[in-house]
Peer 1: 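Below: one structure in structure tokens.
Throughout, residue positions are numbered sequentially from 1 according to the sequence presented.
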Amino acid sequence: MFYNNNETNSPQRYQESYIKLREWIHSSLELYKQELLVVLYPVFVHCYLDLVSKGRSEEASKFMDKLSQDHTEFHEEELKRLSGITTPAHVAENDLSTMFRNNKFNVTLCAYSFELLFTFLHDSKFMLLLSIVNQYLNIKVIKGRPGEDTKRSGATKEERRDQEAEITGHTEKEIAQLHAKEILWSLFDDREKKEETDKEKADKPTNKKDKKKKEKEEKEKEKEMKEKEALKNKLKTNVPYPKLSEQYEQELIQDEANRATLSAKALPSVCFYTFFHTHHGLNSTEISRDGSLVAGGFADSSVRLWDMKRMAERRERAREKERDNLDNKDDSKDLKETDGAKEKPKTTTAGVKRKQRSEIEEDYTRLIAHSGPVFGCSFSPDNQLLLSCSDDTTVRLWSMDTMSNVVCFKSHNYPVWDVSFSPLGYYFASASHDRTAKIWDTTHASPLRILAGHLADVTTVRFHPN
């Protein structure tokens, strides 16, 4: 197909083509309008990125200011980040722009809507928009009338539109391969022990009648065994349970022994911690199971760790030192009177402030590795590991023994809002702005499962206690 090559060099052509496409979609029949509206946002994004990559920053900013209002309801955060991309170097290096450029938007259209869209683009000679649709949209054409899928699934048209125009960072084939292996959670099966005891109790046949009965019973048992084996293969879990350390098992047993029934006379104990002078920089806090460690995620991309036992010991030593000073004060009173002519040592306010600052800094350990604000933390049940998630789209695993970063987990395409260890450790989950939650384990750098389907951010994730 031949067309005027000067069209690609005209920044005004992007705005004119997009406005006409938007007017055409809004004037379409309501039956096809909801499906066609899905196309507008990816076309808008790539029109803006094309203008920026061609060095047309002024035209791109005007395009954003004039037409971004159509998408603020569903994509406000992304539009704010896109508006910060103003140079061709930003397009090449920014995580958001590279994600848009390297992945395709998933869009589902019925056959008639697909035909209407491409007929309009060809007849209007919008070659710029045609190239964007062909290069950056993954259009899945379905049979039947539009809206039939939403009626079957029970989702509204707006939810379906918001769900279809999404980028997960994985192609459909990759997701299908990832979920090909089925995981079935279940309790351990103790039927083998029962079968062994039944065999031991079985008596040997004494006569011909008993032999015939025994043969029939054995045949029936063989059938039952085959059925049980088939059922066992279905129920048997292929997810390994983590091995608990002896120390942690003893702590669990001690914790169970120390538990008491709650009543009006025996109320639960509560411990509060207050953070002073955070200057709006504290995003999240996490307290370990035994209350000995407190972690905070801060906007300066650091994780700060407070050891409550060490702080209590140091403060106790400080109190003892103050008592010793008070005891020695009376003894040194006479000495000060005899040396009254000598100059007294001066303590400046700057020196006092430096001393106070050093004491405050000694209270916590700063863990630095993230390149963005830290939004969530989670301790492992045995307090040996700490997880942190950040705006830099990563989850990091920290060792509490060495106070260092051990692993960096990379899979999300957007900021990670929350992270949580499972009650037994080993497994953990993460929640992200990319509308997915992911299941991990601490021995693999890639996720075990991707839980997709939400229509907005997944802001919190937790495991069931059992």
Peer 1: One pair to check against salt bridge (Lys or Arg N to Asp or Glu O under 4.0 Å): Asp418 and Arg462. What are the steps and the verdict?
Peer 2: CA-CA 9 Å; Asp418 194 22; Arg462 288 293 180 274; 2.8 Å; yes
Peer 1: Ring centroids only, cut at 6.0 angstrom: are Phe409 and Trp440 within range, meaning strictly under it?
Peer 2: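 They qualify: ring centres under 6.0 Å apart.
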Peer 1: Is it true that Arg56 and Asp50 make a salt bridge, defined as a side-chain N closer than 4.0 Å to a carboxylate O?
Peer 2: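 Salt bridge: no.
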Peer 1: Looking at Pro415 and Arg81, what are the two nearest heavy atoms and their distance?
Peer 2: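 So the two residues come closest at CD-NH1, 3.7 Å.
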Peer 1: Counting neighbours of NZ on Lys33 that are heavy atoms of other residues, nucleotides or ligands and sit closer than 6.0 Å, is the number greater than 12?
Peer 2: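 Buried by this count: over 12 neighbours within 6.0 Å.
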Peer 1: Parallel, tilted or perpendicular for Phe428 and Phe421, by the 30°/60° rule?
Peer 2: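 Ring orientation of Phe428 relative to Phe421: perpendicular.
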Peer 1: Going by salt bridge (Lys or Arg N to Asp or Glu O under 4.0 Å), name the residues that satisfy it together with Arg22, two or more places apart in sequence or in a different chain.
Peer 2: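 Here the qualifying residues are Asp70.
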Peer 1: How close do Val416 and Ala431 get, counting heavy atoms only, and between which atoms?
Peer 2: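 In terms of heavy atoms, the two residues are closest at CG1-O, 3.2 Å.
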Peer 1: Under the ring-ring contact (aromatic ring centres under 6.0 Å, His included) definition, can you give me all pairs with a residue in residues 366-401, not counting sequence neighbours?
Peer 2: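 Passing the test, one end in residues 366-401: Phe375-Trp417.
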Peer 1: Are the aromatic rings of Phe100 and Tyr136 close, with centres under 6.0 Å apart?
Peer 2: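 Ring centres of Tyr136 and Phe100 not closer than 6.0 Å.
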Peer 1: In terms of the angle between their ring planes, are Trp306 and Tyr364 parallel, tilted or perpendicular, with boundaries placed at 30° and 60°?
Peer 2: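 Because their plane-to-plane angle lies in the 30° to 60° range, the rings of Trp306 and Tyr364 count as tilted.
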Peer 1: Could you work out, with salt bridge (Lys or Arg N to Asp or Glu O under 4.0 Å) as the rule, every residue matching Arg323, not counting sequence neighbours?
Peer 2: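 Per chain and number, Arg323 pairs via salt bridge (Lys or Arg N to Asp or Glu O under 4.0 Å) with no residue.
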Peer 1: His412 and side chain to side chain donor-acceptor pair (under 3.5 Å): which partner among Thr394, Asp434, Asp392?
Peer 2: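 Considering Thr394, Asp434, Asp392, a side chain to side chain donor-acceptor pair (under 3.5 Å) with His412 is found only for Asp434.
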Peer 1: Any chance the side chains of Asp382 and Ser380 put a donor and an acceptor closer than 3.5 Å?
Peer 2: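 Judged by distance alone, the side chains do pair up.
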Peer 1: With sequence neighbours left out, which residue pairs that include part of residues 292-308 fulfil the salt bridge (charged side-chain N to carboxylate O under 4.0 Å, His left out) condition?
Peer 2: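 Pairs touching residues 292-308 that pass the test: Asp300-Arg304.
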Peer 1: Determine whether the side chains of Thr393 and Lys410 contain a donor N or O and an acceptor N or O closer than 3.5 Å.
Peer 2: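 Lys410 and Thr393 do not have a side-chain donor-acceptor pair below 3.5 Å.
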Peer 1: Testing the 3.5 Å rule here: is there a donor-acceptor pair between the side chains of Lys66 and Tyr18?
Peer 2: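 Lys66 vs Tyr18: no donor-acceptor pair found between side chains.
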Peer 1: Closest approach of Thr98 and Asp95, non-hydrogen atoms and distance?
Peer 2: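 Closest pair (atom of Thr98, atom of Asp95, distance): OG1-O, 2.9 Å.
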Peer 1: With sequence neighbours left out, write down each residue that passes salt bridge (Lys or Arg N to Asp or Glu O under 4.0 Å) with Glu320, or none if nothing qualifies.
Peer 2: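 Salt bridge (Lys or Arg N to Asp or Glu O under 4.0 Å) list for Glu320, sorted by chain: empty.
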Peer 1: Fit a plane to each ring of His75 and Tyr41, take the angle between them on a 0 to 90° scale, and name the class: parallel (under 30°), tilted (30 to 60°) or perpendicular (over 60°).
Peer 2: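 Ring orientation of His75 relative to Tyr41: parallel.
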Peer 1: Could you list all the salt bridge (charged side-chain N to carboxylate O under 4.0 Å, His left out) pairs where at least one residue sits in residues 395-408, not counting sequence neighbours?
Peer 2: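 The answer is none; no pair qualifies.
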